[in-house]
Undergrad: 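The following block contains the structure, expressed as structure tokens.
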Amino acid sequence: MITRVKKIDADSLAEAREIILSGGVVAFPTETVYGLGGNALDDGAVKSIFEIKGRPNDNPLIAHVCEGYDLSRIVDFDPPYAAALRRAFLPGPLTLVYPSRGKVSPRVSCGLDTLAVRVPSHPGAQAFLRAVGVPVVAPSANLSKHVSPTSAAHVLDDFDGKIPLILDGGACTGGIESTVCDVTGEYPVILRPGLVTREMIERLAGRCGAAPATLGPGEKAKSPGMLYKHYSPRCRTLLFPEDGRAEAEDAFRRETAAGNRALFLCEGKLADELNARGMSALNLGYCGEEMAARLYGLLREAEKRADVLIAVEPAERGGVMTGVLNRLKKACASADIPH
Ligand code: TXA
Ligand code: MG
């Protein structure tokens, strides 16, 4: 199969519509990361998304709909605080998990009785969703466990020859996936941190929980996808805590002495300092939003340029940093185990 990358216009949207409505998949941009889209109502299309990505079949998908879509067609029970969250943050990088009405393919939620729904704000995503006219499931458009894509070139790197069309909407400005928030209970609970932060949701809803980063024995995750090693570059990774930079520098010297290409990944000030001292460092940026926007591109750059990536965690300052640290830790985790 030849994979074409096309700018978003009337022609490419008509082509995307035809592909989606005949059960195929199309990659498209959103404000967070690129998605690998398929018709949520079409069992075969949903199945092929799991296959193309190599995604474990216990990790449910998000249904994407355009602005103005009547949610009551696919989900049940809508607490007042969920309506307030939608008014404040949608369209945008917030996915809400509702009780499902069972109208989409049962494969979407992998047997859960809930459905995650997202209304992306990216104009290209909106145009695509309007053109196809059906809810679209869209995991991030990367091979399972690999780094999420923030440009059409990233998508092509993972799926060249495997999908017919990539809609190119330029670089994603958000850079990390949407916040996933459960709205099936008395108050919202964040299952995956992102650009819509706990603080922002708390301000609006009065209270906001967050799923624990680790599970106790016998506990079941509400968002199964969060258990896997994820977002990982194809080079060795070492992760050091914020106060572990002396150890990180030791590791850099050790790796370099052994003839390995080593690269640091760390926040702006430290990266500047290391580079000034002749130790190659990728600069994540100087604030949470900047780090979110750059993280995945830098992880993909690292796997091309380095044998080993030495990441130093930026300080946890809440807000967007919670999402950035969550992704960085999963990307550089050493084992594919629940944690
Ligand atoms: O920003 C995003 O959300 C991107 C773009 C393409 O929209 N999509 C994305 O999809 O990140 P994916 O499949 O890579 O991640 C979906 C996450 C997983 O952690 C999954 O476990 C969780 O959402 N999820 C999906 N449905 C769920 C449900 N019914 N209950 C709990 N978690 C759910
Ligand atoms: Mg993903």
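Just so you know, residue 1 is the first one in the sequence shown, and it goes up from there. Both counts, for ligands and for their atoms, begin at 1 and track the order of listing. None of these values were measured; they are calculated from a predicted model.
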Undergrad: Tell me which part of H122 gets within contact of ligand 1: side chain, backbone, both or neither, using heavy atoms under 4.0 Å.
TA: neither
Undergrad: Going by the order shown, which atoms of ligand 1 are within less than 4.0 Å of some heavy atom of G35?
TA: 6 (C)
Undergrad: Out of A138, P60, S140, whose heavy atom sits nearest atom 25 (C) of ligand 1?
TA: P60
Undergrad: Do any nitrogen or oxygen atoms of K53 come within less than 3.5 Å of a nitrogen or oxygen of ligand 1?
TA: no
Undergrad: Check whether any side-chain heavy atom of R192 sits under 4.5 Å from a side-chain heavy atom of S178, and report yes or no.
TA: yes
Undergrad: Closer than 4.0 angstrom, basic N to acidic O: yes or no for D272 and K269?
TA: no
Undergrad: Only one of E313, E273, E267 passes salt bridge (Lys or Arg N to Asp or Glu O under 4.0 Å) with R245; say which it is.
TA: E273
Undergrad: List every atom of ligand 1 that sits less than 4.0 Å from any heavy atom of A116, numbering the atoms from 1 in the order shown and giving each element.
TA: 25 (C), 26 (N), 27 (C), 29 (N)
Undergrad: For the residue pair T32 / R118, report whether a side-chain donor-acceptor contact shorter than 3.5 Å exists.
TA: yes
Undergrad: If the cut-off is 4.0 Å to any non-hydrogen atom of V180, which atoms of ligand 1 fall inside it?
TA: 23 (O)
Undergrad: So that I know where these two stand, are Y296 and Y231 an aromatic pair - ring centroids less than 6.0 Å apart?
TA: yes
Undergrad: Have a look at ligand 1 and work out which part of D182, if any, has a heavy atom under 4.0 Å from it: side chain, backbone, both or neither.
TA: neither
Undergrad: At less than 4.0 angstrom from any non-hydrogen atom of S178, what atoms of ligand 1 do you find?
TA: 1 (O), 2 (C), 3 (O)
Undergrad: We want to know whether R198 and T179 form a side-chain donor-acceptor pair, criterion being a heavy-atom distance below 3.5 angstrom.
TA: no
Undergrad: Do the charged groups of E51 and R107 touch, with an N to O distance under 4.0 Å?
TA: no
Undergrad: May I ask you to list the atoms of ligand 1 that are less than 4.0 angstrom from any heavy atom of L61?
TA: 25 (C), 26 (N)
Undergrad: Which ligand 1 atoms, with their elements, are less than 4.0 angstrom from a heavy-atom of R118?
TA: 1 (O), 2 (C), 3 (O), 5 (C), 7 (O)
Undergrad: Is there a polar contact, in the sense of an N or O pair closer than 3.5 Å, between T114 and ligand 1?
TA: yes
Undergrad: Is there at least one pair of N or O atoms, one from E177 and one from ligand 1, spaced under 3.5 Å apart?
TA: no
Undergrad: Using a heavy-atom cut-off of under 4.0 Å, does the side chain or the backbone of T32 touch ligand 1, or both, or neither?
TA: side chain
Undergrad: Does E303 use its side chain to pair, donor to acceptor, with the backbone of C235 at less than 3.5 Å?
TA: no
Undergrad: Please state whether the separation between the Mg ion (ligand 2) and some N/O/S atom of S148 is under 2.8 Å?
TA: no
Undergrad: Quick one: salt bridge (Lys or Arg N to Asp or Glu O under 4.0 Å) pairs with a partner in residues 62-82, sequence neighbours left out?
TA: D78-R86
